[in-house]
Undergrad: 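Here it is, the structure, as structure tokens.
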Amino acid sequence: MTLHTLTITRAHDLLKAKTISSVELTQAVLDHIARMEPQVRAYLTVTPEHALAQAQAADTAIARGEVSPLTGIPLAIKDVICTHGIRTTCGSKILGNFVPPYDAFVMQQLNKMGAVMVGKLNMDEFAMGSTTEHSAFHPTSNPWNLAHIPGGSSGGSAAAVSADMCLAALGSDTGGSIRQPASHCGVVGLKPTYGRVSRFGLVAFASSLDQIGPLGKTVADCALLLQAVAGHDRADATCAPHSVPDYSVALGQTVKGLKIGIPQAHFESPGLDPKVADTVMRAVKVLEELGARTVAVELPHTQYGVAAYYVIAPCEASSNLARYDGVKYGLRDSAADQLLDMYHNTRSEGFGAEVQRRVLIGTYALSAGYYDAYYRKASQVRTLIMRDFQEAFAQCDLIASPVTPTPAPAIGAHSNDPLAMYMSDVYTLPANLAGIPGISVPCGLSADGLPIGLQLMASHFQEEKLLTVAHHFEQATEFHKARPPL
Amino acid sequence: MKITPEEVMHVAGLARLRLDSDRVDKVAQQLADILTYVDTLAQVDTQDVPPTAHATALTNAFREDQVRDHLRPEEALANAPAKEGLTFVVPKVIASS
């Protein structure tokens, strides 16, 4: 049996029935990582000893009859999430040697449930990027075509799930960083509502936008992982006190009668690949065949989402990243004999070009004389984008759109044009600005055999609707069964 | 939108970044391109529109003030690039003349 290809749901059944052990399953995943990693390079740190010790403990728990849905399941974690005693780099040289003295809230939850962590996944430095080329360590390849990017910033997470190098993964999404790589790698990725999952122990990028979420081989697996990490945490003041529903119930709900909003402008924008538009529209037809109704909705201000985001996110980043000063942890330039020189040298040496670019934009936009023109203006446009969604969700349950304008570009395609990379987030950013949940689910392949995703968005805390519709779409189609030709 | 090399150097200083002179022109051009695109926001009528700082309805998140376990000083110092006893060590703050 090729254990590494299992879903969480299937592996759980086999573990519970004692047909397989977690040690066998974990070893199979570790062996597959060793085979695939030279080509895919999804990981920054693989933790075989840690994983096998956790698997052993899981097998002991299972023998006692203590089986949670994640007991003994080998998962991998984006390297933006702090793991106690295990290096957490955020894809940056400045945190290259950082070993967190505590676990993120989501890790505490996974550990309580007996999950196994096989390693930490590659990402664009500080989650700033849409390609994973901006990792300070190495790029990651798309398992569907190694010459192409896996998307980003959770590119390692999407590539690892796609290539069966873990059963599922956690990522983070500030402007599309879960949904966009999920779309590019042919897996399911869910960005929860802002506040649904605690960010305690998530290295901060843009605090009004960042959210942790799951990437999996199926919608059901994402529901399980979301269930494990969602909920209130006193350590994150932005974490919502709302009770967490049983997401497995949502999978069984019907699609019939649900109204899917279609923002026509999102299917007609100039940069949109016609094949992507056509594939996503055919996916909408499938939803209609399943009993959903479509209604036209207008989101007139989402066309300004990229501009608003590339003010708000860099402003927040320039403030959040001020903490990397070479004093308390991480890299320090030890040659400097004065404090100010040490700051300058450490940060210039430790941050890559894209991070420096965004820190500079943010610092510029917040500097004296520019605040009203940039940050205040962008925050007002953000209000208008939120109102667009409120009005749209008064007429529909969900909104369908592409995830990305094109399938995954070749590695290096955007290397000299940051703005072109920013434009690839045009369909995903609005959900972050509005704080609403969104999911990417595989819906086809391009002529070149690269995956295309369908994005569904819902109103705040309506993850259940996303899971219902995405699950039924998945069950009615074969796209999620396609594997990369490795 | 144009940004001068001097402005870039000023902002880099505020951000505690050192830009080598051979990179300044390229960075100035990239920032100008991005900010020119961002200027499309000026097309939007935002008269009387309140700004949004974050997307949830939560306001103040109060909790009881309780004594709890925290990191021990040794743990908090474990990643320090330089330390002495239970303190972080930094280079001189004020240059000696």
Side-chain angles (χ1 to χ4, degrees), chain A residues 97-99 101-102 194-195 208 234 237-238 240 301 304 306-308 310-311 318 322 325-332 334 336-345 347-348 351 356-357 359-361 363-364 367 374 376-384 386 418-419 422 433-436 460, chain B residues 3 7-8 10-20 23 27 30-31 33-58 60-64 66 71-72 74-82 88-96:
Chain A
N97 61 0
F98 177 60
V99 179
Y102 61 91
Y194 183 77
S208 80
R234 72 197 303 283
T238 63
H301 296 96
Y304 299 105
V306 176
Y310 279 97
V311 174
S318 70
D325 59 2
V327 173
K328 300 175 292 301
Y329 42 73
L331 185 76
R332 170 188 291 196
S334 44
D337 62 357
Q338 283 180 34
L339 188 65
L340 202 55
D341 286 339
M342 190 278 279
Y343 289 159
H344 281 107
N345 295 349
R347 290 166 61 80
S348 304
F351 292 144
Q356 293 197 29
R357 193 148 48 229
V359 167
L360 289 170
I361 294 170
T363 307
Y364 180 85
S367 62
Y374 291 111
R376 185 178 163 81
K377 182 78 180 180
S379 302
Q380 289 174 306
V381 173
R382 184 177 188 177
T383 303
L384 295 173
M386 291 181 73
L419 198 53
Y422 299 171
L433 290 169
I436 60 172
H460 297 98
Chain B
I3 299 182
E7 282 179 296
V8 172
H10 172 68
V11 171
L14 293 176
R16 300 286 183 259
L17 290 170
R18 186 188 306 292
L19 278 183
D20 295 333
R23 277 180 61 213
V27 169
Q30 287 176 335
L31 295 191
D33 289 349
I34 293 164
L35 292 169
T36 299
Y37 178 74
V38 162
D39 281 341
T40 57
L41 292 175
Q43 299 165 9
V44 187
D45 179 5
T46 52
Q47 183 94 34
D48 301 326
V49 176
T52 294
H54 71 93
T56 52
L58 291 181
N60 291 327
F62 291 114
R63 60 172 168 74
E64 291 303 309
Q66 294 166 331
L71 289 182
R72 288 180 292 110
E74 295 78 10
E75 293 173 308
L77 283 154
N79 282 284
F88 296 101
V89 174
V90 295
K92 277 197 298 272
V93 177
I94 300 168
S96 53

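In what follows, every chain begins at residue 1, and chains take the letters A, B, ... in the order their sequences are listed.
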Undergrad: With distance as the sole criterion, is a donor-acceptor pair present between the side chains of B:Glu75 and A:Tyr102 under 3.5 Å?
TA: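 Note: B:Glu75 and A:Tyr102 side chains miss the donor-acceptor criterion.
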Undergrad: Of the backbone (N, CA, C, O) and the side chain (C-beta and beyond), which part of A:Ser318 lies under 4.5 Å from a heavy atom of chain B, both, or neither?
TA: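 Interface part for A:Ser318: neither.
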Undergrad: Please classify the contact between B:Asp39 and chain A as side chain, backbone, both or neither, with a heavy-atom cut-off of under 4.5 Å.
TA: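 The answer is the side chain of B:Asp39.
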Undergrad: Against chain A, label B:Val38 side chain, backbone, both or neither, depending on which of its atoms sit under 4.5 Å from a heavy atom there.
TA: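 For B:Val38, backbone and side chain are both near chain A.
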Undergrad: Quick one: of A:Met342, A:Gln356, A:His344, A:Arg357, who has the most non-hydrogen atom pairs under 4.5 Å with chain B?
TA: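 Most pairs with chain B among the choices: A:His344.
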Undergrad: So which of A:Val311, A:Asn345, A:Val359 has the biggest tally of heavy-atom pairs under 4.5 Å with chain B?
TA: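 Top count of heavy-atom pairs under 4.5 Å with chain B: A:Asn345.
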Undergrad: Taking side chain as everything from C-beta outward and backbone as N, CA, C, O, which of these in B:Arg23 sits under 4.5 Å from a heavy atom of chain A? Side chain, backbone, both or neither.
TA: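 Answer is side chain: those atoms of B:Arg23 sit under 4.5 Å from chain A.
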Undergrad: When heavy-atom pairs shorter than 4.5 Å are enumerated against chain B, which of A:Ala378, A:Gly435, A:Ser379 gives the highest number?
TA: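 Ranked by heavy-atom pairs under 4.5 Å with chain B, first place is A:Ser379.
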Undergrad: Under 4.5 Å from any heavy atom of chain A, what part of B:Ala78 do you find: side chain, backbone, both or neither?
TA: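 Contact with chain A is absent: no heavy atom of B:Ala78 under 4.5 Å.
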Undergrad: Measure distances from A:Ala336 to the heavy atoms of chain B and classify the residue's part below 4.5 Å as side chain, backbone, both or neither.
TA: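 For A:Ala336, the backbone is the part near chain B, not the side chain.
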Undergrad: Can you name the nearest heavy-atom pair linking B:Thr56 to A:Tyr194, along with the distance?
TA: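 Nearest heavy atoms, B:Thr56 then A:Tyr194: CG2-O, 3.2 Å.
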Undergrad: Return the option, out of A:Tyr310, A:Phe351, A:Tyr343, with the maximum number of heavy-atom pairs under 4.5 Å with chain B.
TA: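 Answer, by heavy-atom pair count under 4.5 Å with chain B: A:Tyr343.
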Undergrad: Measure B:Arg16 against the heavy atoms of chain A and call it side chain, backbone, both or neither at under 4.5 Å.
TA: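 Its backbone and side chain both get close to chain A.
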Undergrad: Report which part of A:Ala308 has an atom under 4.5 Å of a heavy atom belonging to chain B: side chain, backbone, both, or neither.
TA: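 Both parts, backbone and side chain.
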